[in-house]
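The structure that follows is given in the form of C-alpha cells.
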Amino acid sequence: MLLRLPTSVSEAQRCLSEGAIPVGGATLQWAVWQRDGFPEQAMSLREVPEANVLGAEELGAAVLLSRVDDRVPEALRGAAARVGTGAVRRAATVGGNIVGSTLRCLLPAALVLDARATALDAQGPYETDLAELTAKRPLLLSLRWRTPLASGHRKLPDAPGGEPPLVVTTAVRDDHVLRVAVRVGYDVSCESVPCATDPAPALEALSRTSLGTLPAEAWDVVREEVTAVLARAAGR
Ligand SMILES: Cc1cc2nc3c(=O)[nH]c(=O)nc-3n(C[C@H](O)[C@H](O)[C@H](O)COP(=O)(O)OP(=O)(O)OC[C@H]3O[C@@H](n4cnc5c(N)ncnc54)[C@H](O)[C@@H]3O)c2cc1C
C-alpha cells in the first residue's frame, strides 16, 4: 500500500481522484484493512494546512483528538478529551471520529455548535452541513462554527453490557438560542429552543421537542447540563 501525504488541498484532490482512501490515525482502519485487505493507495491529510487548523472557530480533520484544547469551545474540547483511552486520542483524528466512527463522540458537540463542514471531492472543496457529512461521508477537511456564549459536555461512565454511554452536549448562542444534543445508544438528536437566564422555560420548551421522550435518567442529566450552561452564559 502506498501512503500518500499531500501538502495542499489541490494535491489531496488529485489523490482522491486517483482512488486514494482517506486515513487518519488508522485506529479503526487498520483492523478493517487486516480483515479485508489493504488498498493500493491511502491518503493522510496530516501535511495539509487546511486540515490542521485549530482555533476558536475552526478545527481541522487531521487534528489529533489529544491536541484539541481550550482554544475550541468547551463542548468540543470535553468531547475530544473523553474519547476512548489516551493512546486512542494520541492517534485518532477529528475526521476519523466524526466521519469514520460509529460512536462519533464529537458529533453532538459539532451539532450544538451548528458547525459547517468543508469537504473535498474530486471536483474540489465545498461547504456542507453535518447531516450530509454523516450521511454521505465525503472527505472532511475542517469544521467551522461561531463562538457560543457558553457550551458544555457530559458523558456518563461506560455502562455494563457495551451500550454506548449517554452524552449530553449544550451550547448557548448569542441570539439567545439554546441547543442541546443527546446521544442515546448510537442515535444522536439535537434540538434548539429560545432561552434566557432562568432554565425553567427553556426546559419546558425542550420537553415539547423530541428530547421530551428521553428516559427519566437521561432527562435528569439534560436538566443539570441546561441549568449549568445557562448559568455560565449569564455569568459572562
Ligand atoms: C479502544 C478504543 C476506544 C474508543 N472509544 C471511543 C469513544 O469513547 N468515543 C468515540 O467516539 N470513539 C471511540 N473510539 C473510536 C474512535 O473514535 C476512532 O477509533 C477514531 O476516531 C478514528 O479516528 P482515526 O483517525 O484513527 O480514523 P481511521 O481509523 O484512520 O479511519 C476510520 C474511518 O474514517 C475515515 N476517515 C479518516 N479521516 C477522514 C476524513 N478526514 N474524512 C472522511 N473520512 C475519514 C477512514 O477512511 C475510515 O473509513 C474508540 C476506539 C478504540 C480503538
Side-chain angles (χ1 to χ4, degrees), residues 1 3-6 9 12-13 15-16 19-54 58-68 75-111 115 117-122 125-126 128 130 132-144 153-159 162-169 181 183-188:
M1 181 184 80
L3 176 63
R4 298 178 71 176
L5 294 171
V9 170
Q13 186 181 339
C15 294
L16 263 189
I21 306 294
V23 62
T27 58
L28 294 176
Q29 192 65 77
W30 191 256
V32 174
W33 285 339
Q34 282 189 314
R35 190 191 62 207
D36 300 343
F38 285 76
E40 256 174 48
Q41 2 175 348
M43 165 186 47
S44 160
L45 295 174
R46 68 177 182 239
E47 306 289 340
V48 176
E50 288 84 346
N52 281 285
V53 291
L54 173 52
E58 58 184 1
L59 183 59
V63 173
L64 300 180
L65 299 183
S66 59
R67 285 191 52 226
V68 178
L76 260 181
R77 193 207 60 77
R82 294 179 191 108
V83 169
T85 60
V88 169
R89 293 192 294 275
R90 283 191 292 278
T93 61
V94 169
N97 186 272
I98 288 210
V99 187
S101 84
T102 46
L103 275 177
R104 295 179 164 153
C105 270
L106 265 54
L107 180 62
L111 281 168
T118 304
L120 182 70
D121 66 14
Y126 62 97
T128 187
L130 294 170
E132 186 170 303
L133 182 75
T134 50
K136 297 192 178 160
R137 301 171 58 139
L139 179 74
L140 176 67
L141 283 175
S142 63
L143 296 172
R144 269 165 230 284
H153 178 270
R154 176 117 160 250
K155 181 179 181 182
L156 294 194
D158 282 333
E163 182 75 354
L166 177 79
V167 170
V168 176
T169 310
R183 185 187 75 193
V184 178
Y186 292 95
D187 296 330
V188 180

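Atoms within a ligand are numbered from 1 in the order they appear, just like the ligands themselves.
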**Report entry** Under 3.5 Å: donor-acceptor pair, side chain of Arg104, backbone of Ile98
**Finding:** yes
Report task. Could you give me the CA-CA distance, side-chain angles and deciding distance for Val83 and Leu106, then say whether side-chain contact (heavy atoms from CB on, under 4.5 Å) is met? Result -> CA-CA 8 Å; Val83 169; Leu106 265 54; 4.2 Å; yes
**Report entry** Donor-acceptor under 3.5 Å (Arg183 side chain, Leu103 main chain)
**Finding:**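 Here the side-chain-to-backbone pair exists.
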Query raised in the report: Using 30° and 60° as the class limits, which term best fits the ring planes of Phe38 and Trp30: parallel, tilted or perpendicular?
Result: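 Rings of Phe38 and Trp30: perpendicular, as their planes differ by over 60°.
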Query - Ser66: partners by side-chain hydrogen bond (donor to acceptor under 3.5 Å, both in side chains), with sequence neighbours left out - result: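 side-chain hydrogen bond (donor to acceptor under 3.5 Å, both in side chains) check on Ser66 returns nothing, list empty.
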Query raised in the report: Between Arg77 and Val68, is there a donor-acceptor pair closer than 3.5 Å when you use the side chain of the first and the backbone of the second?
Result: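 Flag not set: sc Arg77 to bb Val68 has no pair under 3.5 Å.
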Quick one: ligand 1 N/O to protein N/O pairs below 3.5 Å?
| from | atom 1 | to | atom 2 | distance (Å) |
| --- | --- | --- | --- | --- |
| ligand 1 | 5 (N) | Gly84 | N | 3.4 |
| ligand 1 | 8 (O) | Gly84 | N | 3.1 |
| ligand 1 | 8 (O) | Lys155 | NZ | 2.9 |
| ligand 1 | 11 (O) | Asn97 | ND2 | 2.9 |
| ligand 1 | 11 (O) | Arg104 | N | 3.3 |
| ligand 1 | 11 (O) | Cys105 | N | 2.8 |
| ligand 1 | 17 (O) | Asn97 | ND2 | 2.8 |
| ligand 1 | 19 (O) | Thr27 | OG1 | 2.6 |
| ligand 1 | 21 (O) | Asn97 | N | 3.3 |
| ligand 1 | 25 (O) | Gly25 | N | 2.8 |
| ligand 1 | 25 (O) | Thr93 | N | 2.8 |
| ligand 1 | 25 (O) | Thr93 | OG1 | 2.6 |
| ligand 1 | 26 (O) | Gly25 | N | 3.3 |
| ligand 1 | 26 (O) | Ala26 | N | 3.2 |
| ligand 1 | 26 (O) | Thr27 | N | 2.9 |
| ligand 1 | 26 (O) | Thr27 | OG1 | 2.6 |
| ligand 1 | 29 (O) | Thr27 | N | 3.2 |
| ligand 1 | 29 (O) | Leu28 | N | 2.8 |
| ligand 1 | 29 (O) | Gln29 | N | 2.8 |
| ligand 1 | 30 (O) | Gly24 | N | 2.7 |
| ligand 1 | 30 (O) | Gly25 | N | 3.4 |
| ligand 1 | 30 (O) | Ala26 | N | 2.8 |
| ligand 1 | 41 (N) | Leu140 | O | 3.1 |
| ligand 1 | 42 (N) | Leu140 | N | 2.9 |
| ligand 1 | 47 (O) | Pro22 | O | 2.6 |
| ligand 1 | 47 (O) | Gln29 | OE1 | 3.4 |
| ligand 1 | 49 (O) | Gln29 | OE1 | 3.1 |

